[in-house]
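Beneath this line is the structure, given in C-alpha cells, with notes to follow.
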Protein chains: 2
Amino acid sequence: MQQHDDIGFIIKLINECIEKKANQTLKQFDLTLSQARILFYLHDHNEATTSQKDLEDFFEVTHPTIIGILNRLEGKCFIRSETNSKDKRVKNIFLTDKGINLFCSMEHFRKTIEQKMIQDLTNDQIRELHTSLKTVYKNIQEI
Amino acid sequence: MQQHDDIGFIIKLINECIEKKANQTLKQFDLTLSQARILFYLHDHNEATTSQKDLEDFFEVTHPTIIGILNRLEGKCFIRSETNSKDKRVKNIFLTDKGINLFCSMEHFRKTIEQKMIQDLTNDQIRELHTSLKTVYKNIQEI
DNA sequence: TATATAATTGTAGCATGCTACATATTTAGT
DNA sequence: ACTAAATATGTAGCATGCTACAATTATATA
C-alpha cells in the first residue's frame, strides 16, 4: 500500500488543493479561505449574536486560531467586536457593512467551487460520498 | 446549504482531525505527521536516491515547505543529506539508522489509523469512496 | 566559447493550525 | 460572603503551508 492510496493522504491533497485554488480566487477580495468561512458563518447567523467561543465550536479549532483570524479580519474592517455587557468575559463579533457587501460577491464563487468539485459524479455518488465522509469523520474522532 | 454540508468543509475537518490524532500518537517518537510521511517515503524508495525535488513532486508542496521539514528531521538525526557529485545543484536525502528503526515502530500505527478510518464501511463503499475522492481531486485540480 | 535560460536549493516573511501559560469574569460550594 | 472552579479571551512560541526574491549549477543557444 503506497501512501498515495491512503484515504488520509488523498484527503490531505484535496484539502490543500482546495485551499490553494480558493485563496487564489479570494485574493481579489483581500481574503483567505479561513477568513471567508468566518464571514459566511456570520452572515448565516446574523439573527443571533456570535461570540469567539461559538466560532471555535463551529469550526472546531482552538481559541488562539480564531483570535488570529478575527484580528486580521478586524484589521481589514470586515468585522467589528464589542464586549458583551451581560457577561464581560464574552466578545461579540459582527459583520461590518464592508463585510456584508463582500458576502454577496463571494457567494457566487463558493457555489461554483463546490459544484466543480463534484462534477462527473451522479446524485447517488454524491450522496454516498457525503455519507462515507461523515462515517470516516466519526471514526477518526473516536480514536 | 450550510457550510457543514459542503464537501470541502467536511474534508477540512477530517484532515485536521487526522493530523491531531496522528500527531498525538507520533509525539512519543518526537515526530509530526508530515515528518513521518517523509520517512515513509524514504523507506519505500530506499533502492533509489531521493532529492528534495522528488519529495516536492510526490507531496505536492513547494520547496520551502520541504526544506523546513527536512531541516527538522536532520536536526533530530532521522535523515542525512549530501550534495550529489554528478549534479551539484542536487541534495540527496537518506534515512539514518535511527530513521530506519523508527519506521518499524510507526508502520503499525499507520495501518491502525488507516483501518479505523474506514471501519463500518463495506468493501464496495471503500472502493466507491476511493473512486469519488480521486474524481474530486481531479476536478479541483482543473479549476 | 560565451551568454542566456532552466533547474535546484536557500532565505525571509506571512497565515493558520497547535500547546502552554496568563488574565479576567462568572458561577458554584461552603 | 468568600473562596475555588469553570469559562472566555489573550499572548508566546512552534510546525507546516504559501509567495517572492536570491544564489548556484547545468544546459542550451548564438
Side-chain angles (χ1 to χ4, degrees), chain A residues 9 11-27 29-38 49-76 78 81-93, chain B residues 9 11-27 29-38 49-76 78 81-93:
Chain A
F9 195 78
I11 284 180
K12 174 182 189 281
L13 291 178
I14 293 174
N15 185 54
E16 307 220 315
C17 198
I18 290 172
E19 280 203 358
K20 284 175 211 167
K21 302 289 183 178
N23 284 336
Q24 280 168 22
T25 300
L26 290 168
K27 202 168 188 175
F29 304 116
D30 193 23
L31 282 175
T32 66
L33 179 55
S34 294
Q35 291 166 12
R37 281 180 167 141
I38 302 273
T49 56
T50 299
S51 67
Q52 291 191 14
K53 187 76 173 71
D54 294 330
L55 296 170
E56 290 166 42
D57 292 340
F58 184 83
F59 291 102
E60 298 181 30
V61 293
T62 59
H63 73 274
T65 298
I66 286 291
I67 289 175
I69 297 173
L70 292 179
N71 283 343
R72 283 165 221 120
L73 281 172
E74 193 158 16
K76 292 185 280 194
F78 292 125
S81 59
E82 59 186 43
T83 302
N84 187 317
S85 53
K86 295 195 182 145
D87 185 340
K88 296 200 188 71
R89 291 171 304 183
V90 176
K91 262 175 80 174
N92 289 125
I93 315 296
Chain B
F9 195 79
I11 284 180
K12 174 181 188 283
L13 292 178
I14 293 174
N15 184 55
E16 307 221 314
C17 197
I18 290 173
E19 279 203 358
K20 284 176 213 167
K21 302 290 183 178
N23 284 336
Q24 280 168 20
T25 301
L26 289 167
K27 202 168 189 177
F29 304 115
D30 193 22
L31 281 175
T32 66
L33 179 56
S34 293
Q35 291 166 12
R37 282 180 167 139
I38 302 272
T49 56
T50 300
S51 68
Q52 290 191 15
K53 188 78 173 72
D54 294 330
L55 295 170
E56 290 167 43
D57 292 341
F58 184 82
F59 291 102
E60 300 182 31
V61 293
T62 59
H63 73 274
T65 298
I66 285 291
I67 289 175
I69 298 174
L70 292 179
N71 283 344
R72 283 166 221 119
L73 282 172
E74 193 159 16
K76 293 185 278 193
F78 291 125
S81 60
E82 59 187 42
T83 303
N84 186 319
S85 55
K86 294 193 181 147
D87 185 340
K88 296 202 187 69
R89 290 172 304 184
V90 176
K91 261 175 79 174
N92 290 124
I93 315 295

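Values below: every heavy atom of this structure, side chains too, minus hydrogens, waters and symmetry copies. Numbered from 1 within each chain, the chains take letters A, B, ... in sequence-line order. Quick caveat: nothing in here was measured; it's all calculated off a predicted structure.
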Where A/Leu31 and A/Lys76 come nearest, the two heavy atoms and their spacing | CA-NZ, 4.3 Å
Please give, in whole Å, the distance from D/dT9 P to A/Lys91 NZ?
-> 8 Å
pair B/Leu55-B/Leu70: side-chain heavy atoms closer than 4.5 Å = yes
Round to a whole Å and report the spacing from CG of A/Asn84 to C1' of D/dT7.
-> 13 Å
For nucleotides 14-16 of chain C, which of its nitrogen or oxygen atoms have a protein nitrogen or oxygen under 3.5 Å away, and what is each distance?
unit_1, atom_1, unit_2, atom_2, d
C/dT16, OP1, A/Thr32, OG1, 2.3
C/dT16, OP1, A/Gln35, NE2, 3.4
C/dT16, OP2, A/Gln35, NE2, 3.4
C/dT16, OP2, A/Arg72, NH1, 2.4

Rounded to whole angstroms, how far apart are CG on A/Leu70 and C1' on D/dT11?
-> 15 Å
For the pair made of CD in B/Glu56 and P in D/dT19, what is the distance, rounded to whole Å?
-> 12 Å
Report yes if a side-chain nitrogen or oxygen of A/Lys20 is closer than 4.0 Å to either non-bridging phosphate oxygen (OP1 or OP2) of D/dC18; otherwise report no.
-> yes
Considering heavy-atom distances to DNA chain D, does A/Gln24 or A/Asp54 have its closest nucleotide positioned more toward the 5' end?
-> A/Asp54
Using residues 58-66 of chain B as the side-chain source, report each donor-acceptor pair under 3.5 Å to any protein atom, sequence neighbours left out, with the distance given to one decimal.
unit_1, atom_1, unit_2, atom_2, d
B/Glu60, OE1, B/Tyr137, OH, 2.3
B/Glu60, OE2, B/Tyr137, OH, 3.2
B/Thr62, OG1, B/Thr65, OG1, 3.4

Atom-pair distance (CG on B/Leu13; P on C/dG17), nearest Å | 11 Å
How many Å lie between CD on A/Gln52 and C1' on D/dT9, as a whole number?
-> 6 Å
For salt bridge (charged side-chain N to carboxylate O under 4.0 Å, His left out), just list the numbers for A/Lys12 and A/Glu16, CA-CA rounded to whole Å, side-chain angles, deciding distance to a tenth of an Å, and then say yes or no.
-> CA-CA 6 Å; A/Lys12 174 182 189 281; A/Glu16 307 220 315; 3.3 Å; yes
Spacing between A/Lys53 atom NZ and D/dG10 atom P, to the nearest angstrom | 14 Å
Exactly one of B/Ile69, B/Thr50, B/Ile93 clears side chain to side chain contact (heavy atoms under 4.5 Å, CB included) with B/Ile38, and that residue is B/Ile69
Is it true that a side-chain atom of A/Asn23 and a backbone atom of A/Leu33 form a donor plus acceptor pair closer than 3.5 Å?
-> yes
Identify the pairs formed between an N or O of the protein and an N or O of nucleotides 20-24 of chain C at a distance under 3.5 Å, and give each distance.
none

Donor-acceptor contact below 3.5 Å, side chain A/Asp54 vs main chain A/Ser51 = yes
Roughly, in whole Å, what's the span from CG in B/Asn23 to P in C/dT19?
-> 9 Å
Under 4.5 Å between any side-chain heavy atoms of B/Ile14 and A/Asn15, yes or no?
-> no
4.5 Å side-chain heavy-atom contact, B/Phe78 and B/Gln35 = no
How do A/Asp87 and A/Asn71 order along DNA chain D: which one's closest nucleotide is nearer the 5' end?
-> A/Asp87
